Amino acid sequence: MSYSTDPGSSTGFLDGKCIFSNDAFILTTDSTKYEIKNNYLIGFRTEADTIKLKKIER
């Protein structure tokens, strides 16, 4: 997993891990933790923040 701390820039990336646990994907870096569960991204801006994810068909 890579996360850009400065969109549009080639600097400011965090590298981390993705694991599947308890019906959710857990995304972690040394300073962040996100969860994807039931089509929601949890913890992106604040710990309680949720963002509805939409599947893109190709």
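Residues take their numbers from the sequence shown, with the count starting at 1. Being a predicted model, the structure only gives us computed values, none of them experimental.
- Nearest heavy-atom pair across F25 and C18 is CD2-SG, 3.9 Å.
- Under the 4.5 Å side-chain heavy-atom criterion for ILVMFWY residues, no single connected hydrophobic cluster contains both F20 and I42.
- Taking all atoms of both residues into account, the shortest heavy-atom contact from K33 to I26 is CE-CG2, 3.8 Å.
- Other residues, nucleotides and ligands place more than 12 heavy atoms under 6.0 Å from the NZ atom of K52.
- For the atom pair CG (L27) and OG1 (T32), the distance works out to 8.5 Å, reported to the nearest 0.5 Å.
- Hydrophobic clustering keeps I36 apart from I19 (ILVMFWY residues linked when any side-chain heavy atoms are closer than 4.5 Å, directly or through intermediates).
- Under a hydrophobic-cluster definition in which Ile, Leu, Val, Met, Phe, Trp and Tyr are linked whenever side-chain heavy atoms come within less than 4.5 Å, directly or via other members, F44 and L53 are assigned to the same cluster.
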